[in-house]
Peer 1: 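Below you'll find the structure I mean.
In this text the structure is predicted, and so the values were computed from the model without any measurement.
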Amino acid sequence: MSDPITETDLLAYVDEQLDAPRRIEVEDYLAHNPEAAMQVMADLKDRDALRLAYAAPLPRPSEAMLHAARRLERGLAWQGIGLKLRRIAAVAALIGFGWFAHGQVGLGITDSEASPKPPAFVEDALHSHETALLRARMTSQPQTAAYDPAEILSETGIQLPQLPKEWRVLDAQVFPSRDGHSVEIAIEAGDIGRVSLFASRVPVFNVIAPTLARFDGATAAYWQTGPLAYALTGTGSDKTIERAAIQLSRKLQ
């Protein structure tokens, strides 16, 4: 039996002072304790901000490099095409310098910052939602309202949030996803209408507050707690879907 996770372990995790087995134990603890996970994410942000603030200044390019750049600029001034070529050279130089800075101080644009696309699991959730709607229309695909979150947790390792009492489960299915098992629950959610709750384990540990993603004919609100990702998909208004997702994110069993 492993030792309980202490505040010292959490601080050591932020400072990257834990060995791999203990890091795994801490991440498992954070996956089941959203408030602690949010605090750790805030500490990680502060740590990275301090590292950036005290990073060494970038070195000045060598005189040989500056001389070569000036010669290139004079050469590119020939005739009217020189202006266009100088712009191309400037862009190339900036890109190269950006990669150099990235290597020196760890700066750069991450994938999440460069693209507004939601995480990959949201696309899986949308496909599962569409599949659930298709199953509901087919008489040859009987639905099962048997819903046992404890059994799902035991068999898949996926913890599901506690559903509001007025919600009625219509179907519960386990689907394959790109990172292992996923769970799709079709629900009659009162005023919101029919919705699908998707849950899956993901490879990247993160904490994401409920966030809206809009698609043709559907809206999804997704969130992540440690290695577990969730998405609530339906055709209701953005506000009702988002509000319901916020409530579910606070009701992990």
Peer 1: So do I208 and N206 actually touch side chain to side chain, heavy atoms under 4.5 Å?
Peer 2: yes
Peer 1: With rounding to the nearest 0.5 angstrom, report the OG1 to CG distance, T219 to D238.
Peer 2: 4.5 Å
Peer 1: When you compare the side chain of I187 with that of R194, does any pair of heavy atoms fall below 4.5 Å?
Peer 2: no
Peer 1: How about CG on D191, more than 12 heavy atoms from neighbouring residues, nucleotides or ligands closer than 6.0 Å, or not?
Peer 2: no
Peer 1: Compare all side-chain heavy atoms of L163 with those of Y147 and state whether any distance is below 4.5 angstrom.
Peer 2: yes
Peer 1: Pairs of donor and acceptor atoms involving the side chains of residues 34-42, under 3.5 Å and at least two apart or interchain, shall be tabulated with distances.
Peer 2:
from, atom 1, to, atom 2, distance (Å)
Q39, NE2, D43, OD1, 3.0

Peer 1: How close do V195 and A189 get, counting heavy atoms only, and between which atoms?
Peer 2: CG2-CB, 3.8 Å
Peer 1: Of the non-hydrogen atoms in A213 and Y222, which two are nearest, and what is the gap between them?
Peer 2: CB-CE2, 4.0 Å
Peer 1: When rounded to the nearest 0.5 angstrom, what is the spacing between CD1 in I192 and NZ in K239?
Peer 2: 14.0 Å
Peer 1: Return the minimal non-hydrogen interatomic distance between T233 and A220, and the atom names on each side.
Peer 2: OG1-CB, 3.6 Å
Peer 1: Answer yes or no: is there a donor N or O on one side and an acceptor on the other, between the side chain of N33 and the main chain of Y29, under 3.5 Å?
Peer 2: yes
Peer 1: Distance-only criterion, 3.5 Å: show the donor-acceptor pairs between side-chain atoms of residues 9-18 and protein atoms not counting sequence neighbours.
Peer 2:
from, atom 1, to, atom 2, distance (Å)
D9, OD2, T6, N, 3.0
D9, OD2, T6, OG1, 3.2
D9, OD2, R22, NH2, 2.7
Y13, OH, E27, OE2, 3.0
E16, OE2, R47, NH1, 3.3
Q17, NE2, D15, O, 3.0

Peer 1: Are V26 and L228 connected, step by step, through hydrophobic side chains (Ile, Leu, Val, Met, Phe, Trp, Tyr) whose heavy atoms are closer than 4.5 Å?
Peer 2: no
Peer 1: How long is the gap from CD1 on I5 to NE2 on H32, to the nearest 0.5 Å?
Peer 2: 12.5 Å
Peer 1: Say whether V207 and Y230 are linked into one hydrophobic cluster, either directly or through other cluster members, by side-chain heavy-atom distances under 4.5 angstrom.
Peer 2: no
Peer 1: Could you check if a side-chain atom of F198 sits within less than 4.5 angstrom of a side-chain atom of I185, using non-hydrogen atoms only?
Peer 2: no
Peer 1: Is a side-chain N or O of T156 found less than 3.5 angstrom from the main chain of I152, in a donor-acceptor match?
Peer 2: yes
Peer 1: Please report the closest heavy-atom contact between H181 and S200, naming both atoms and the distance.
Peer 2: O-OG, 3.5 Å
Peer 1: Hey, does the side chain of S182 reach the backbone of A199 with a donor-acceptor pair shorter than 3.5 angstrom?
Peer 2: no
Peer 1: Where is the tightest heavy-atom contact between L212 and A221, given as atom of each residue plus distance?
Peer 2: CD2-CB, 4.1 Å
Peer 1: Do you reckon I246 sits in the same ILVMFWY cluster as L248, going by side-chain contacts under 4.5 Å, direct or chained?
Peer 2: no
Peer 1: Before you tell me yes or no, could you show the steps for E151 and L153 under side-chain contact (heavy atoms from CB on, under 4.5 Å), namely the whole-Å CA-CA distance, both residues' side-chain angles and the distance that decides it to 0.1 Å?
Peer 2: CA-CA 5 Å; E151 181 185 41; L153 175 61; over 6 Å; no
Peer 1: Side chain of R201, backbone of G157: donor and acceptor closer than 3.5 Å?
Peer 2: yes
Peer 1: Is there a path of hydrophobic side-chain contacts, each under 4.5 Å between heavy atoms of I, L, V, M, F, W or Y residues, that connects W223 with L30?
Peer 2: no
Peer 1: Is there a path of hydrophobic side-chain contacts, each under 4.5 Å between heavy atoms of I/L/V/M/F/W/Y residues, joining I241 to L160?
Peer 2: yes
Peer 1: When rounded to the nearest 0.5 angstrom, what is the spacing between CD in E242 and OG1 in T240?
Peer 2: 10.0 Å
Peer 1: Where is the tightest heavy-atom contact between L232 and A245, given as atom of each residue plus distance?
Peer 2: CD2-N, 3.9 Å
